[in-house]
S.K.: 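This is the structure, below, for whatever I ask next.
Note that this is a predicted model, so its numbers are computed, not measured. Sequence lines set the chain letters: A, B, ... in the order given, protein chains first and strands last, and positions in each chain run from 1.
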Amino acid sequence: MHLLLVDGSTYIFRAYHALPPLTRKSDGLPVGCVSGFCNMLFKLTEDLKGEDEPTHMAVIFDHSAKSFRNELYGEYKAHRPPAPEDLAPQFPLTRDATRAFSIPPIELEGWEADDIIATYACAARRAGGKVTIVSSDKDLMQLIEPDGSIRMLDTIPRPGQPPLRWIGPEEVFAKFGVTPDKVIEVQALCGDSVDNVPGVPGIGVKTAAELINTYGDLETLLSRAEEIKQPARRQKLIDNADLARISKQLVTLSQDVPLPLELDALARQPIDPGTLIPFLKAMEFTTITKRLAALLDADPDAWEADPALAAKPVSAVGFDNAARAEARAARHAADGKADAPAVLHAHRTHEAIRAIPFDLDAYTTITDPETLAAWIAGARQQGHVAIDTETTGLDNQAADLVGISLALAPGQAAYIPLGHVSGEGDIFGGGHAEGQMEMKDAIALLAPLLADPSILKIFHNFKYDHGVLCRFGLPVEGFDDTILLSYALDGPQFNTMAELARHWLGHEGIPIKDLLGSGKSQKTFAQVPIPDAARYGAEDADITLRLWHILKARLVPENATAVYETLERKLAPVLARMEARGISVDRQILARLSGDFAQRAAAFEAEAHELAGEKFNLGSPKQLGDILFGKLGLPGGTRTKSGQWATGAGVLEDLAARENVPLAKVIVDWRGLTKLKGTYTDALPGYINPRTGRVHTTYSQHSVLTGRLSSNDPNLQNIPIRTEDGRKIRTAFVAAPGNELVSADYSQIELRILAHIADIQALKDAFEEGLDIHAMTASEMFKVPIEGMPSEIRRRAKAINFGIIYGISAFGLANQLGIPRGEAGDYIKTYFERFPGIRDYMEEMRRRVKSEGFVTTLFGRKILFPNANSKNPAERAFVERASINAPIQGTAADLIRRAMIRMEPGLKAAKIEADMLLQVHDELIFEIPEGTADKAIPVITDIMQTAAEPAIRFSIPIQVDAHAATNWDEAH
DNA sequence: GCAAGGACGTA
DNA sequence: GTACGTCCTTGCA
């Protein structure tokens, strides 16, 4: 038996570094290393013919970075840089290549390739066989046997040397100065800087060999160290005895690896053209394919490229087919099955990134301009860098900048402390902490990098960081955002960096709570000690960079590029500017309203206590329920999920009307007033930013399933309008002096989109003619003329129209209209008969969500429903309704996003001065100079009305209504 | 001090 | 019947 063991890592790194980068033509998958690997493997089998021809063969790979040596010594291989990003995805392909040559690839979790090689080599020798190890790794030299039963072969080409160089005891002696069996003793002393094996400081190979040749082995040497004449050398050995012992353990190869394949299983197999050629074709290695086919005497055209690995042509198919192809790709990605090559690439990128361990102690703290300049140069050379800011708060319009982190590669990250304070940070805030860079120096160095659009800056939640950075003179051009990538791909299911890190990296980041504490004693980030801050901050940048690699690779195979690039990435800076502008709110108006509401609420409260015959907390639904349905014994009480009495507005209004309970009405009125007071008139003034004097909401671009925005702190998307008291709050939202507000809203946008998507001719005609759409619906359904229609009839039709948009059910409609279930069911039936397209649309969405797990908007946004096939019937019904609503709500959301993206350049081109301040789903609020409304409104409405074009040509008119006034109530 | 539930403001 | 965010009470730690 002659066993040939190929050290796969040597081959891979040689192929990678010696060859120019090569990518597969059809899809850009990096394959240069695979190509070199194939060539070397083939050349090896050609070179070893005749007496050196092996009977058994395997290629051994390193599985991952971790082995028992990391347990032994934490620093082992700690300084290894992570694999380059275009190399990592090729690792799995080299295994495929090995298999294609009918050679078993072997790797084992927790073991280095060298250990596996040692175990196989010794097993083969024990069985009386001969072993050749193909490698140039000196760590394997300890295995060489003087009898020639185990030899090494270095095939790496070196100038002026023969192509094949056998390594036996002589060559080992030339390198280590000892026989192979003493190599580990020498390595224990001299260590290895590449693998970070410490050895004894100050002792090199020469000295080590001399010592070992004198004393025989490490233990003998250490026990007789006192005898050494040179005082420095003697002391070093005594001081570092333990380090030497650990080093010996680190360099000693294990022979106890549980071998995945028996020796017999490594017996050589003839190369099978039916396996090899499909692989080579899939890689698109035309030259190698031809050459090997000729050598194997096979016809290369007899086989197709392996479909599991091959690039798949992008088909120019219609919307439906494209959607199905997407679904397939997404499913394959989820299954881990390789289908499209880009899916494969994404999958492998994920695996490779995930395999790189985190080392929080390896991060750098940058405190001087030279170091920062070096990192910036690194970013420029690479073309991308992940950036994260640390600040004193969650409101980017108020928070101060504390530090900035950078990450250039997985594991390679740094933190720049800028605004930390010293001491315990008492009420006086403490002083500026030691060991930080001057803020102005850091800004001067960073500004050109951030402003350079040719260098990609990668953020997690760009909008936040950008808001802070801008205020410190660091505007950003050219960015990616991992939260937006995630949102474009997976919707809002992973909302935070922690969730993304957990899911994609299997990594638990440092919880911010660990640094800041919580509750009353919570610190700000400025008070966090710099070393802790550096670990946390640099880790965030590191995580961001890793997530970017993984998520960005998924964009193409999962067809999310257009949504990410055109809807998400372009919108973020627009929203950032809207947030920075804020809106002016009149404190006095709110204060007056608060007083008024408080007085009237107090009167209601007293009346309620009177009517109930006792004092109770009107704000407690629990207490109220007990009084209404317990003490007063009123009939018709229903219970909530948790068994409490339900006391919602519907229940109370019913009670007031049917049972004539004045208490119920009083509670409704009291709740209305306290809601307005608590949520709006009392709370809003607290949001006025002292620096700007305005209220700055924060929009979330990545929280809503359908693609809408949400607004928080404060939520300016639910400012009251429906009641008279509520509307008064809107009068407090005012234009700055000398300005006006313009409110422009899409009219009936969701019904119009429904008419278009479901292709309802009657609805489309009505919109075309500008009819009252609810009256038209009523007249169609109930056969009543529009002229003189009773308002109740129109109200019912309106409820049905909204019901349709919401994924109607008889139960829900009955609830809404206060009619029996059967009657509501009849309405729906009638509606479907009058507008048959609706039923088809609803059926189609139900079918799609069940088979694909998602539905799409007209602009290609995927809306995922992971539990579409839930075992729970209620949940399934819910998904059905949501999947009917989602394309409608989502298309409207995409439409206004497009309008917002085009608004600023559109206004500028028309030379209109108007600042977009707020978005409320189908409405945009602008601030314009007084008296310019006549010019501004036509431009604004035009941009909104044509926002779908040219992507979509709606078959209904899109109508926008706009008004100007000095406050929001009157402008609406 | 925190999470859950109920209620209610918007499109 | 869809999609959100916030306030308040309650119950548990």
S.K.: Would you classify A:S642 as touching base, sugar-phosphate or nothing, given that sugar-phosphate means primed atoms plus P, OP1 and OP2, and contacts are heavy atoms under 4.0 Å?
M.R.: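 Here A:S642 touches the backbone only, sparing every base.
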
S.K.: With a distance cut-off below 6.0 Å to the six-membered ring centre and an angular limit of 45° from the axis, does A:K862 pair with A:F854 as a cation-pi contact?
M.R.: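 Relative to the ring axis of A:F854, which defines the angle, A:K862 lies inside both limits.
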
S.K.: Pick out which of A:R796, A:Q748, A:R795 makes a side-chain contact (heavy atoms from CB on, under 4.5 Å) with A:H774.
M.R.: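 Checked A:R796, A:Q748, A:R795 against A:H774; only one passes side-chain contact (heavy atoms from CB on, under 4.5 Å): A:Q748.
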
S.K.: Does a side-chain N-to-carboxylate-O contact under 4.0 Å join A:E844 and A:R839?
M.R.: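 Looking at A:E844 and A:R839, the cut-off is not met.
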
S.K.: Is A:R671 close enough to C:dC8 that one of its side-chain N or O atoms is under 4.0 Å from OP1 or OP2 there?
M.R.: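 Indeed not, no polar side-chain atom of A:R671 lies that close.
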
S.K.: Which part of the nucleic acid does A:G619 contact within heavy-atom distance under 4.0 Å: base, sugar-phosphate only, or nothing?
M.R.: sugar-phosphate

S.K.: Which nucleotide, C:dT2, B:dG9, C:dT9, lies nearest any side-chain atom of A:S620?
M.R.: C:dT9

S.K.: Is any side-chain heavy atom of A:T777 closer than 4.5 Å to a side-chain heavy atom of A:F835?
M.R.: yes

S.K.: Does A:N718 make a side-chain donor-acceptor contact with the base of B:dG9, cut-off 3.5 Å?
M.R.: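 A donor-acceptor contact between them is present.
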
S.K.: What about A:Q889: does its side chain form a donor-acceptor pair under 3.5 Å with the base of C:dT2?
M.R.: yes

S.K.: Would you classify A:A649 as touching base, sugar-phosphate or nothing, given that sugar-phosphate means primed atoms plus P, OP1 and OP2, and contacts are heavy atoms under 4.0 Å?
M.R.: sugar-phosphate

S.K.: In whole Å, I'd like the distance from the CD atom of A:E750 to the P atom of B:dA11.
M.R.: 11 Å

S.K.: Look at all strands and tell whether A:L813 reaches a base, only sugar-phosphate, or nothing, counting heavy atoms closer than 4.0 Å.
M.R.: base

S.K.: What's A:I749 touching, base or sugar-phosphate or nothing? Going by heavy atoms closer than 4.0 Å.
M.R.: nothing

S.K.: Quick one: label A:A646 by what it contacts on the DNA or RNA (base, sugar-phosphate, nothing), any heavy atom closer than 4.0 Å.
M.R.: sugar-phosphate

S.K.: Rounded off to whole Å, could you give me the CG-to-C1' distance for the A:L593 and B:dG9 pair?
M.R.: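 The distance from CG of A:L593 to C1' of B:dG9 comes to 16 Å, rounded to the nearest Å.
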
S.K.: Across the strands shown, which category fits A:I884 at heavy-atom distances under 4.0 angstrom: base, sugar-phosphate, nothing?
M.R.: nothing

S.K.: Expressed as a whole number of angstroms, how long is the span from A:Y841:OH to C:dG1:P?
M.R.: 19 Å

S.K.: In whole angstrom, what separates A:F811's CZ from C:dT2's P?
M.R.: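 In whole Å, C:dT2 P and A:F811 CZ are 11 Å from each other.
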
S.K.: Distance check: side-chain N/O of A:T647 vs OP1/OP2 of B:dA7, anything under 4.0 Å?
M.R.: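 Yes, A:T647 has a side-chain N/O under 4.0 Å of OP1/OP2 on B:dA7.
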
S.K.: What is the distance, rounded to the nearest whole Å, between atom NE2 of A:H702 and atom P of C:dC4?
M.R.: 12 Å

S.K.: Using atom CZ of A:F733 as one end and atom C1' of B:dT10 as the other, report the distance to the nearest whole Å.
M.R.: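 So the CZ-C1' distance, A:F733 to B:dT10, works out to 12 Å.
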
S.K.: Pick one: which of A:D669, A:T674, A:D725 meets side chain to side chain donor-acceptor pair (under 3.5 Å) with A:R600?
M.R.: A:D725

S.K.: Report which part of the nucleic acid A:D745 touches: base, sugar-phosphate, or nothing (heavy-atom distance under 4.0 Å, all strands).
M.R.: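 Nothing, no heavy atom under 4.0 Å.
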
S.K.: Would you mind telling me which of C:dG5, C:dC7, B:dA11 lies closest to the side-chain atoms of A:S703?
M.R.: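 Selected nucleotide (nearest to the side chain): C:dG5.
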
S.K.: Identify whether any heavy atom of A:R708 sits under 4.0 Å from a base atom; if not, whether one sits that close to sugar-phosphate; answer base, sugar-phosphate or nothing.
M.R.: base

S.K.: Once you apply a heavy-atom cut-off of 4.0 Å, does A:A799 come out as touching a base, just sugar-phosphate, or nothing?
M.R.: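 Contact class for A:A799: base.
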
